[in-house]
Amino acid sequence: MRYFLDNRKRIIITDIGKVNLGHIFENGQCFRWNKAETGNYIGVVNEKVLELSETENEIIIENISMNDFEKYFIEYFDFNTDYSAIIKSIENLDEYINEATQFGYGLRMLNQEPFETLISFIISANNNIPRIKNTIEKISIQYGKFIMDYKGKSYYGFPTPYELSKASLEELRELGLGYRDRYLIDTTKKVIEEGIDLQEFKKMSTKEAKRKLIEFKGVGNKVSECVLLFSLEKYDVFPIDTWVKKILEYFYKNEVEKYDSPETFLKNYFELNAGYAQQYLFYYARENKIGG
DNA sequence: ACTCAGGTATTAC
DNA sequence: GTAATACCTGAG
């Protein structure tokens, strides 16, 4: 990876292989990035508003400083990870993962903020993406800090636990969260009252961090693993959602049956890069409507 | 009217 | 431990 400022003070990132912003932002790992009419993606991250555009092998970032980029966003975009090495380690396992990695070229696993990720994936349960994005946006407008007006739209950061603790059940119900509203209240209350710093979970083993996450209401196996994978740097988990379930059923059925559980199969099969493999498989399955 | 959407909590064996 | 069932909401 190489980066520099161009003559318009935009940050240019190159030497990261073939680029595809859609494969980063449309694969279900994040909910606060939107495609503008220009085709560029605008997102709110770490109380900054960023605009990304792409060429075949460059990502171009506008509206943040070089200092912010180096201090926060290199890690957020996982720019120091060599994806060609990850792909190489899993692509020859079978034809399906090979197709999936080719299909999802340019995909990157974002390192997201844990509280935002936890709340977002609690909302995601038994829900659909447009509604998930919409309610997260409403929560940010209502309880998060105003950041700036940018190209005709006002942007708000995702609320901190303290900011979200100001929300009442009645208020949340009006945002269209459905029955998940009380999970948000419970989770925020637990974080505040017990003084939980989710960043600390990064230091725990995957198993221990997962055990702690499942203590939150509305957090089960799948949601906890999404939080581990997308915000706590645990790449050995493999969230099994409806799409991955279909893949296991339609493509890996015979293999899975040799093990005592799908989880055991996945851990043995994909090993340390299970989380990356999951992301390619999920994206490929959903975009191509495998089994559906 | 009815199903579906990145599942989880609760209840009942 | 595991299987069955209810669950907010609104778009299609």
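Because the structure is a prediction, the values reported are computed rather than measured. Protein chains get the first letters and strands the later ones, always in sequence-line order, with residue 1 at the start of each.
- Residue A:Asn134 is out of contact with every strand shown, counting any heavy-atom pair closer than 4.0 Å.
- Taking atom CD1 of A:Ile185 as the reference point, atom P of B:dA9 lies 17 Å away to the nearest angstrom.
- At whole-Å resolution of the value, CG in A:Asn128 and P in B:dG7 are 10 Å apart.
- Distance from the side chain of A:Arg131 is smallest for C:dG10 among the nucleotides B:dT8, C:dC7, C:dG10.
- In this structure, A:Leu184 places its CG atom 14 Å from P of C:dT9, rounding to the nearest Å.
- Nucleic acid contact class of A:Glu174 (heavy atoms, under 4.0 Å, all strands): none.
- A donor and an acceptor atom never sit less than 3.5 Å apart when one is taken from the side chain of A:Tyr183 and the other from the base of B:dG7.
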* Structure fact -> For DNA chain C, the dot-bracket notation using Watson-Crick and G-U wobble pairs below 3.5 Å, [ ] for pseudoknot-type crossings and | for other-strand pairs, is |||||||.||||
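- The CZ-C1' distance, from A:Arg173 to C:dT9, rounds to 10 Å in whole Å.
- Between A:Tyr276 and A:Phe270, the distance from one ring center to the other does not fall under 6.0 angstrom.
- The interatomic distance linking A:Asn127 (CG) with B:dA5 (P) rounds to 12 Å, in whole Å.
- What separates CZ of A:Phe121 from P of B:dT8 is a distance of 11 Å, to the nearest Å.
- Contact annotation for A:Gly218: backbone-only contact, meaning every heavy-atom pair under 4.0 Å involves sugar-phosphate atoms and none involves a base.
- One interatomic measurement links the two molecules: CD1 of A:Ile132 to C1' of B:dG7, which rounds to 11 Å at whole-angstrom precision.
- Straight-line distance between the P atoms of C:dG10 and B:dT8: roughly 22 Å, to the nearest whole Å.
- Within 4.0 Å of A:Gly178, counting heavy atoms only, lies at least one base atom of the nucleic acid.
- Nucleic acid contact for A:Val244: none, since no nucleic acid atom lies under 4.0 Å from a heavy atom of the residue.
- Whole-Å rounding puts the A:Tyr179 OH to B:dT10 C1' distance at 13 Å.
- There is a path of hydrophobic side-chain contacts, each under 4.5 Å, that joins A:Phe158 to A:Phe230.
- Across all strands, A:Gln278 comes closer than 4.0 Å to base atoms (heavy-atom distances).
- Here the two rings, on A:Phe31 and A:Phe121, have centers that are under 6.0 Å apart.
- At least one test fails for A:Lys71 against the ring of A:Phe69: distance under 6.0 Å to the centre or angle within 45° of the axis.
- Ring planes of A:Tyr41 and A:Phe25: tilted class, angle from 30 to 60°.
- In this structure, A:Asn221 reaches the sugar-phosphate backbone alone: every heavy-atom distance under 4.0 Å involves primed, P, OP1 or OP2 atoms, never a base.
- Comparing A:Arg286 and A:Phe216 along DNA chain B, the residue whose closest nucleotide (by nearest heavy atom) sits nearer the 5' end is A:Arg286.
- Between A:Arg211 and A:Glu208 a salt bridge is recorded (basic side-chain N to carboxylate O distance below 4.0 Å).
- Closest to the A:Ala125 side chain, of the nucleotides C:dC8, B:dG7, B:dA5, is B:dG7.
- Look at the C1' atom in both B:dA5 and C:dA3: the space between them is 22 Å, to the nearest Å.
- Across A:Ile97, A:Ile90, A:Thr101, a single residue satisfies side chain to side chain contact (heavy atoms under 4.5 Å, CB included) together with A:Leu281, and that is A:Ile97.
- Looking at A:Arg108 and A:Asp78, no side-chain N of the basic residue comes within less than 4.0 Å of a carboxylate O on the acidic one, giving no salt bridge.
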